[in-house]
Amino acid sequence: MANQLPISVGIGRQMDYWWTVFKRTWRGGIISSFGAPLFYVLGMGVLLGGFIEGDPDQLEGATSYLAFIVPGLVAAHAMQLAVEETTYPVMGGIKWHKTYHAQLATPLSARDVVNAHLVFVLSRVASACAVFMLVLAPFGVFESWWGPILAFFVQVLVGMAFGTVIFGISARMTSEQGFGLIFRIGVVPLMLFSGAFFPISNLGVVLEWLARVTPLWHGVNLSRMLCLDTMDWSLAGIHLLVLVAVTAFGWWFAIRGLEKRMVD
Amino acid sequence: MADHAQDRPDPLVPLSPGAAMAVITYRNYTTYKRFWKLFVTGFLEPVFYLFSIGIGVGQLIDSFQFNGQTIPYADFVAPGMLAASAFNGALMDSTYNVFFKLKYDKLYDQMLATPLTTADVARGEILWGQLRGASYSAAFLLVMLAMGMIHSWWAILALPAALLIGFAFSAVCMGLTTYMKSFQDFDKITLLQLPMFLFSATFFPITAFDGVTRWIVEATPLYRGVVLCRELTTGALSWASAVSVIYLVVMGVLGLILVRRRLDKLLLT
């Protein structure tokens with residue numbers, strides 16, 4: 001592209017479009033954004049947690065099961081929301097509603113289309129995580145005031161790591177059938193085995209190391225260390241590095257994917 | 001020529017219910033073959049939950065008392081997962097899939113242009129869901145058996161129990177789906193599905209609730225199914241098990257009547 005728009009201009013020109021999308025769809029998202037994780041907090045954290053002893057030695061430093069699962073649950077929820085927003089909607093832009101076709105027929109490039117969509121995903125994930133962390137604050141599950149704030153940024157970063165990579169995959173997929181598989185053999189096992197519900201040391205050595213290489217575990221563990229004030233700064237550095245690296249790769253992967261599919 | 005005419009069914013005579021179900025099942029099988037990956041992976045979901053919650057979280061929990069028996073947490077959760085997976089599967093099949101066929105594919109309009117009746121459509125669709133559910137439940141029970149989580153011969157009846165749960169929810173949810181106008185209405189289903197899944201004593205004993213809440217939970221259909229499966233795999237049966245069975249049968253039959261009436265109203269008037 002000879003004369004590409006600056007990134008901010010590229011995104012800015014699509015703000016009104018995504019604002020309209022938001023205004024028309026936010027009601028449908030309320031239950032998946034706020035209802036679902038609230039039910040999990042109640043069912044798993046409070047009710048099941050009532051049967052679990054709040055032993056910090058077994059719960060990675062948490063004094064109750066609720067305090068243990070909340071940081072992980074919010075991170076896992078960020079992943080889930082980001083995947084939802086970058087599967088069917090991306091296929092819609094390419095194949096069903098063809099909004100990307102329309103957008104690319106203007107001076108916007110594939111990069112701009114991806115960026116604006118990702119900003120929309122970011123705002124969805126950020127608002128859902130922020131509401132959650134605020135609602136949970138009075139329940140005494142956080143050990144410091146600054147930790148949960150940093151944990152919030154980590155959760156959003158988890159969302160972006162998954163959002164960008166899945167965008168790239170969706171842009172390369174020809175049929176929506178694959179999305180069912182992404183959820184069943186990707187999102188669900190990640191949510192269940194990346195340390196959100198129980199310490200990964202309960203998995204046994206082999207599976208524990210497998211869990212350690214998943215990006216979600218890095219997000220869950222960092223989020224938990226921040227919320228429970230059990231920081232190990234060198235480990236935190238690794239977590240952050242992994243999440244940033246995955247996001248950076250995903251961003252490139254998504255742009256390249258849409259370019260290949262629709263521009264080249 | 002005359003021989004051929006005898007082979008072919010008379011188009012003016014309705015099919016027998018059995019023949020109609022066979023035709024619809026064959027149709028579903030033909031179209032579903034394309035989605036075999038989704039079919040196979042559907043079985044994995046309850047197994048993942050069993051390993052994660054039952055074993056991962058289970059290490060944090062002492063054993064539970066159930067009808068006088070002491071059982072490890074994983075053995076307690078597994079029958080809950082069996083019931084919940086029958087419930088979730090039935091819900092998916094009888095809501096999203098049925099809505100799509102009814103509204104977008106116009107599949108039922110097409111079927112009714114043949115000798116099939118609305119009752120055939122209802123029975124045929126529910127049977128298909130049941131076949132799928134039965135294969136998942138059977139596989140899940142084998143996993144439980146392999147992991148030593150089954151403690152009684154009564155567990156053989158856990159398969160029909162899972163099917164009964166599937167039937168009851170399929171029938172009622174298919175009936176409710178006929179009232180839906182757009183995909184936005186599915187949020188209401190999630191709103192019912194998720195709390196039922198999480199609060200029906202699937203993951204923890206009913207003693208977590210007390211007073212009115214406990215009474216309400218005990219009256220929900222999924223709780224009846226969960227307890228029934230748990231009673232069967234642990235062998236701790238009681239007369240309350242019969243209540244669960246009757247409850248689910250009545251629910252399913254009422255659902256079937258509703259589906260038939262609604263399809264008559266939507267498609268034949």
Side-chain angles (χ1 to χ4, degrees), chain A residues 24-25 27-33 35-55 58-59 62 65 68-69 88 175-204 207-208 211, chain B residues 34-65 73 76-77 80 88 92 96 182-210 213 217:
Chain A
R24 291 196 184 156
T25 56
R27 282 175 203 85
I30 285 185
I31 289 164
S32 67
S33 294
L38 195 69
F39 288 136
Y40 267 95
V41 166
L42 258 180
M44 306 296 291
V46 179
L47 292 166
L48 179 62
F51 295 93
I52 296 175
E53 203 190 335
D55 178 2
Q58 279 199 22
L59 294 175
Y65 186 64
F68 173 82
I69 69 162
Y88 294 94
S175 137
E176 68 277 13
Q177 265 189 57
F179 294 146
L181 293 182
I182 288 181
F183 279 97
R184 281 196 176 147
I185 57 180
V187 174
V188 170
L190 276 176
M191 188 184 98
L192 290 171
F193 297 104
S194 291
F197 291 112
F198 57 88
I200 52 167
S201 54
N202 288 7
L203 282 170
L207 288 175
E208 181 183 349
Chain B
R34 283 170 50 215
F35 304 104
W36 68 270
K37 282 181 197 149
L38 277 178
F39 179 83
V40 173
T41 51
F43 151 70
L44 289 173
E45 207 159 300
V47 177
F48 284 149
Y49 270 90
L50 177 63
F51 278 83
S52 170
I53 310 292
I55 297 171
V57 179
Q59 291 178 36
L60 305 170
I61 297 178
D62 291 333
S63 49
F64 280 141
Q65 293 284 324
Y73 183 65
F76 176 87
V77 168
N88 280 327
M92 287 295 285
Y96 292 89
S182 79
F183 271 106
Q184 264 69 40
D185 289 331
F186 284 106
D187 281 331
K188 290 167 196 153
I189 293 193
T190 316
L191 201 58
L192 283 175
Q193 179 181 18
L194 205 53
M196 268 214 229
F197 173 59
L198 288 168
F199 303 137
S200 292
T202 4
F203 297 112
F204 44 78
I206 186 76
T207 52
F209 305 102
D210 46 31
T213 335
V217 173

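Just so it is clear: chains get the letters A, B, ... in the order the sequence lines come, proteins before strands, and each one is counted from 1.
- Residue contact with chain A, scored on non-hydrogen atoms closer than 4.5 Å, involves the backbone and the side chain of B:F51 alike.
- Looking at B:Y49, the atoms closer than 4.5 Å to chain A (heavy atoms on both sides) sit in the backbone and in the side chain alike.
- For the atom pair B:Y73 OH and A:I52 CD1, the distance stands at 7.0 Å (nearest 0.5 Å).
- Across all their heavy atoms, B:R34 and A:Q177 have their closest contact at O-OE1, 3.6 Å.
- Residue A:I200: no heavy atom, backbone or side chain, is found under 4.5 Å from chain B.
- Nearest heavy atoms, B:P205 versus A:F51: CD-CZ, 3.4 Å.
- Taking CD1 from A:I182 and OG1 from B:T41, the interatomic distance works out to 12.0 Å, rounded to the nearest 0.5 Å.
- Looking at B:L60, both its backbone and its side chain come within 4.5 Å of chain A, counting heavy atoms on both sides.
- Of all the heavy atoms in A:P189 and B:F48, the pair that sits closest is CG-CE1, 3.6 Å.
- Closest approach of A:F197 to B:S52, counting heavy atoms only: CD1-OG, 4.3 Å.
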A:F39 and B:L191: CA distance, side-chain angles, deciding distance, side-chain contact (heavy atoms from CB on, under 4.5 Å) verdict: CA-CA 9 Å; A:F39 288 136; B:L191 201 58; 4.1 Å; yes

Using side-chain contact (heavy atoms from CB on, under 4.5 Å), reason through A:L42 and B:L198 one step at a time and then give a plain yes or no. CA-CA 9 Å; A:L42 258 180; B:L198 288 168; over 6 Å; no

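- A:Y65 touches chain B through its side chain: at least one heavy atom from C-beta onward sits under 4.5 Å away, while N, CA, C and O do not.
- Annotation for B:D62: atom CG does not count as buried by contact number, only 12 or fewer foreign heavy atoms lying within 6.0 Å.
- Contacts between B:F203 and chain A at a heavy-atom distance below 4.5 Å involve backbone atoms as well as side-chain atoms.
- Distance check: B:I53 CD1 to A:L192 CG gives 6.0 Å after rounding to the nearest 0.5 Å.
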